[in-house]
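A, B, ... follow the sequence lines: proteins, then strands. Residue 1 opens every chain.
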Amino acid sequence: MTDQDKDPVVHSSLSKPLFISSALLLLSLGWALYDEVYGTRPWKGYEARFAKVYSKYLKETLPNELQSETQIKASPDYQDLDRQMQAAEKSVMPQVAEIDHRVNLELVPRSLALNEPFQEVRGHVGALTYQIEISKSESSKESMRKEIEELKKEVHTVKLPTADGSTEKLPMDFATMDQTLQKWKAEKAALLQKRVDLLKPATELRAKRDKYLTDRISDVSADTLNGLRNKMSIFEVGIRQIHVKDVDLVDRCESCHMGIEEPVTLTKEAMGGEEAFISHPKRELLKVHDPEKFGCTPCHGGNGVALTSIEKAHGYNEHWLWPLHKPENLEAGCQQCHSQEIVTEMADTLDAGREIFRLRGCMACHRYEGFDRDPDELSGVNQDIRQLTQQKAEWTREIGFSTTKGDNTPDNDQAQKFYQHANDLKVRISGLDAKIEQDDDRARSLVREIKKVGPSLKEVRMKMHKEWLPVWLKDPHAWRPGTKMPTFRLDDGEIRAISAFIWQSGVTGDLTHQLPGDPEKGKEAFETRGCMACHSMGEGDEKQGGTFAANLSRVGEKDNYDYLVRWVHNPRQRTLPYCPFEKKDITAEDYKRAGQPFVFDLDHDKCPNDGHQLLVMQMTPMPSLRLTEAEARDIASYLETRKKDGFAYANADFVDDPSLKARGQFLVRFYGCAGCHEIAGLEEEQRIGTELTKEGSKPIERLDFALKGHDAERDGWYTHKGFFEHKLLNPAFYDEGKEKAKLDRLKMPNFNLSKPEIDAVTTFLLGSVDPNIPSRYFYNPGDQRRDIIDGWWVVRKYNCMGCHQVHVGQTTVFMTLPRYQDPDWKDQRPPTLIGEGARVNPQWLMSFLNNPSLTDKPEEMDRDGVRRYLKARMPTFYFSDGEIQKIVRFFAAMSSQAAPYIADRLEPLTDQERNMARQLFSSEGAPCLKCHATGDAKHDAHATAPNFLLAKERLKPGWARRWMLDPAMMSPGTAMPSGLFREEQGRMVFAGPTPASFNGYNKDQAQLLVRYMFQFTPEELTRLRASAGASQ
Amino acid sequence: MEGGLQPAPEFSPALQRPMKKENDLTTKPFIPSAAVCALFLATQANAATVTGKVVFSGPKPVVRSIDMSANPACQRAHPTPQKTETAILNPNGTLKYTFVWIKSGLPAKAWPTPTAHAEIDQKGCMYTPHVLAVMTNQPIDIKNDDPTNHNIHPLPKINQEWNESQPPKGDTKTKSFPREEVMIPVKCNVHPWMRAYIAVVHHPFFAVTGDDGTFTIKNLPAGTYTLEAVHETYGTVDQQITVGANDTKTADLTYKK
C-alpha cells in the first residue's frame, strides 16, 4: 500500500454524514421558517381569514343598507329637507364666495407678507429694549432709546401680493405696519364670523336632513360601511395590541378577536361560523369600559400577551394562574372593581351569586368584606362602651386619690396641683360620657338593622311542637324543598343532643291564648295582603309566590296556633328583650329589681340593669303588616290547616333530658348554628368558616383538593372554578376516601343548590380576588351614584322587589301570581317605584317609610296611607334612621334629583282660576273624581287612585304635570289614561269639553290644574263633592 | 305606539294577493278541454261554507243587574237596569257573543287586511258590540256616544297595551292590533263594570254569534280544520271538520257547563 492509500483524506469520505447533516439542517431551517412565519403565529391565519370574511360580509350587507338608505333618501320628506337646505345654501353662496375671496386671496397672503418685515423691526426693537434694561449707564440708555426711535421711523418698502397675483410695493413705517396688521386681523375675524352667521340656517337644515336619515337607519349608514370597506382594502396583517403603560397591561386579544370593536354587529353566522370574530356582546359595556383603558384581561382573565396558541392565550395551560373565565362565569371580572355593590347593572349572574351569598347566609360562617357588617359593628360598639366605662371607673378612683393627696399634703402649691388634676379628670370623664352617649345612639340604630338569616331559636318552646325538631334536623330539604336551611350531616345521637339543647335553652313566657279564626277569610287575606310577595305556598309545580322567605305549605304541622297569631300580628315581637352589653336576656325579675314595669318596646328600649340599648325586636326582616287581631287570627287559622296528610312524628321526649344539654351545646357551637340563629348564651359566637373575601386569589395549592387532586388534574378541573363547583354541589366531597373521625370531618352543610345557583355563586367567588389593577380603576363614586350603591343593600335586605318594580324591566312576584293576571286585579298590584325619586317629596317619603298608614290613631292603622283601595298592605318595617335616609337618597339618586329638595313655589290661584278649575273638575268631561278618592266612603269603595289632598305634601309639581300629560309613557299599563291633554299653540289644553269660563284663558291649563291640586284643602274637596254630585 | 305615530304598515304590495272570486269565468278565455274543467273546479277552491250554532246545555247562567248609581250620567241612560253580559243565553238555548274561528289547518299564507273599519261604540256606558272580531292590522274605530268621559284600556298579553281617554261625544279613535290574539279584554277604568273583548285573527275565517246563536264562515278553502268557539265565561270548545271545495257543512259546538 502506498502512503497515499493510507491517508484517510484520500479514500474515506465524509460526504454521507455531511449529506445527512445538511439534509437535517435544511429540514430544521424549513421547520424553523415555517414556525416563525405560521406555526407559532396562528394569529396571522386568523387575521387573514378575518379580512376575507369581513370584506365579503361588508360587500354583501352594503347593498341592503344602500337600498334602505336609497329608499329613505328618495322619500318626499327627505327630499323636502334636502331642497330646503340647498336653497338656503344657494341664497347665501354669492356673499360667502365674496367673503372667501377677500379672506383667502387677499387678507391672508397680505398679512403673511407684511408680517415678516414687521416682526424684523419688532425683534430689533425688543433686543434694544433689553439692552436698555441691562445697561448701567444712563447715557447709553438714552442713546439706545434714540436708536429705537430711529428704527420706528424708518420707512420700509413692503412687497405685498395682490388678488390678481401680482405684487405691489408700499412704503410703511413701523407704526403703519402695526396698524395695518391689526386692521386686517380684525377684518378677517369679522368676515369669518359673518360667514358663519350667513351659513347658519343652511348648516342647521343640513343637520336636520342628516338626522332624518340617521333616525331611520338602525345599524350603520352607508358612509360608515364605505369607510369600513376602505379600511379593509388596505388591511395589513400585524399584531394588534392594547398597551396601558402605567398598569403594565398588554393585551393582544384583538389580534385574533378582530371583530370585537367593529362598529357593525357581527354574528357567528355572518363570520362564516368562526366564533372568534363576533362583536362584543352587550356593546354598551364597552362604552363604559373603554378597552383602550381597561384592556381585556382585567375583566376576562387569561394571558393577554400570549400569541403562540389559543390555549396559552386563554391561560388554560398549566402555568398561567388566572385562566379565562368560562361563559357561565364571565361576570366574575366585574367583582374586583365593583366589590362594594350588591347590585351591578348588566351583571345578572354576579348579582344572583351575591344575593344567594347574602340570603342563604354564607356570611354567617364565612366572613366577607361588606356583607353583614352590622353584628360586628354592634360588638365593636359595645366593646367601646365597656372600655370607656372601665376608663371612667379608673379615672373616678384617681380623682379620689388626687383629692385625698391634696387634702393631706403640707404644701399649698402642691395641693393646688392635685386639686387641678382632679378637676381635669372630672372634665375628661364628662367627655367619656359624651362618647358613650354617641355609642348608645349608634347601637340604637344597629339593633334595628341587624338581621339574622334564620329564625330565633330562643322561642322554640312556645313556637313549635318538639317532635318536629329532630325531623327537621335530619333533613330540612326533605321536609321543605327549597328551604334556606342547609342539610347537615348529623347522626341520630347528634340530632338528639342538639334538639335537647335547643329546646332547653329556649325561653318560656306568656302567650295569650287565642280564639280560633276563619280559615277561609285567612286564605283570602294571605293571598291578597301581600304575604305571597315573600312567602310561597304549594309544592313543586303548584308552588306560587316569592322565594325570599319560607314556603308555608306545611307550617300547620309544626307551629303552635297561639304563637302563630302573635307572629303574624307582629313578627318583631319578642318574649324577652336581649341586652348586648351584658350579653344576656333580661327577665321580669331584672325589671322588678330595678323597680320598673316589665315593658319593653321601641319606646322603652333601655336595659334596667345598666341603661344601655336593648334589643327589643326579633332580628327578622319580616315587617308588621299592621293587621287587626281578628285578621291575624284568620290568617293563622288558615296556616294551621296547611299540612301534609299522613305524616307521623316520632315521640321526642328526649329533648327534656338534661344530660344531653352539654353535648348539645358543644355541637351547636361546633357546627356554628349561632351564625344564622339567635340562640340563648351563644349570641356572640364567631364565624366558624374561612374568610372568602379574596378566595378567588388563593393560590391553587392552598385549596384542599384532598384525595381528589389527581382526579382533578386528570379530568381538567384542577382550577378555582373546579374546586368551588364541586364543593358547592357536595360540601363533603373532599372528605371522600379519607379516614377521619366524625368531628374531624368537613363541617359545611349541603345547601342543595341547583346548577344555575352554583354557577352564580362560583362566578361571585371567582371574582372575589385581590385586585391586580390599581385602585383608581375601582368603581368608587363619591356623588349620587354612591347613594345608589348603598340603597341597593337596603332594598335587597327587605325584598322591596317582591312587591314593587325598582328596576326598569323587572318582574315582581305579584306579576307572576295567577290572581293578578285578571284584568280586574291588575290595578290591585302595588305601585311601581321606578321614578319614585322624581315623583315624591323626600321629606314626605321619610315620614311614609316610618309609618305607611300615615295616621297616629291605632284604630286606623290597618290600612295603606296613600292607596286605601289596595288590598295589598305596605308594611311597617321599623327602619332605623340610617336605613330610611339610605332609601330616600337611593330613590333620589336613581332619578337624578338634586338634594336637598327645594319645592317649586307655585303661583297662588286667582279667584277666577280657582273657579275655572272647580268647574272643570266637576264637569262631565273630566273623569278625575271618578277614580281618585274623595274621602266619601261610598264613592271611595270604587276609587282606584289616591286622594288629591295628599298631593301638596307628597308630590313634586313638575312630576305631577308630566304625569297628567302622559301617564302611559311613565308607567305603561297604569289605570290612568293618556290623552287627557293636547298641545295647542305652544301650551297644553284639556282635550275634552271645557266649561265656558275657560274661554279667553291663554295660559297652560295643565299647570293650572297642578296649581289647583297643590292648593287643595279639605273644604275645597267637600265643595267639589257637592258640586260634582249636583251636576252628575 | 301612541302619540300620533303611524300605525303599523300594511303588507307590502308584493305580499298582497287578491282573493280569487268564485265563478270568475270572465277572466278566463273559454277553451274546451278537460284541463279547463279541472282548472274551473280549482278556481272554485275557496267556496266552502261552515255554519252552525253554539249550543249551551249547562245550568242557566246567573245574570245580575249592574249598579251604576255611582255614575248618574250612565244610570240615566238605562230606564231599566242594565244586565251583565258575561253569559247571555238566547231563548233558543244558544250562547250569544261567542267567538267562533278556524283555529288551525289553514295553509300558511298572508291573508289580505281588509280596509273596512270595524267599529266599537260606548253607549249607555256599555261597549257595543260586547265581542268584536277583527283581522290583524284592521282599523278599529272607537266612538264615544255617551255624555261622560270614558277611557279605553285594552289588556292584551301578546300585543302592546295602551290606555287612552276619550271625552264625551269626542273624536273617533282609530286603532289596530298587529298580532293575532284571542281574545283581548278591554276595560274602562272610570266605569269598572264595562268590559268588551276583541279577537284579532290573521285570517278572515271567524264569526261572532248573535241573538240566534248562529255563525257562518264563508269562502273557506278545502281542507281539514279545527273549529273553535271561545266564550269569556265558559272557555273553549272545539271540533274537527273537513270541507271539500264547494261544501256547505254544519257544525254545532256545545258547551256542557
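- Panel note: side chain B:H231, backbone B:T233; a donor-acceptor pair is recorded below 3.5 Å.
- Contact count versus chain B (heavy atoms, under 4.5 Å) is highest, among A:K826, A:H942, A:M969, for A:K826.
- For the atom pair B:K123 NZ and B:K143 NZ, the distance stands at 10.5 Å (nearest 0.5 Å).
- Remark: side-chain polar atoms of B:N149 are paired, donor with acceptor, to backbone N or O of A:G925 under 3.5 angstrom.
- When each of A:A975, A:A968, A:A941 is checked for heavy-atom pairs under 4.5 Å with chain B, A:A975 comes out on top.
- Of the atoms belonging to A:D966, not a single heavy atom falls under 4.5 Å from chain B.
- Ranked by non-hydrogen atom pairs under 4.5 Å with chain A, the options B:I152, B:N151, B:D171 are led by B:N151.
- Under the 2.5 Å cut-off for SG-SG separation, B:C74 and B:C125 qualify: their sulfur atoms lie closer than that.
- Most heavy-atom pairs under 4.5 Å with chain B, from the set A:P823, A:G992, A:C931, A:G979: that is A:P823.
- Using a 4.5 Å heavy-atom threshold, the side chains of B:F177 and B:I140 count as touching.
- With a threshold of 4.5 angstrom between heavy atoms, B:K173 does not approach chain A through any atom at all.
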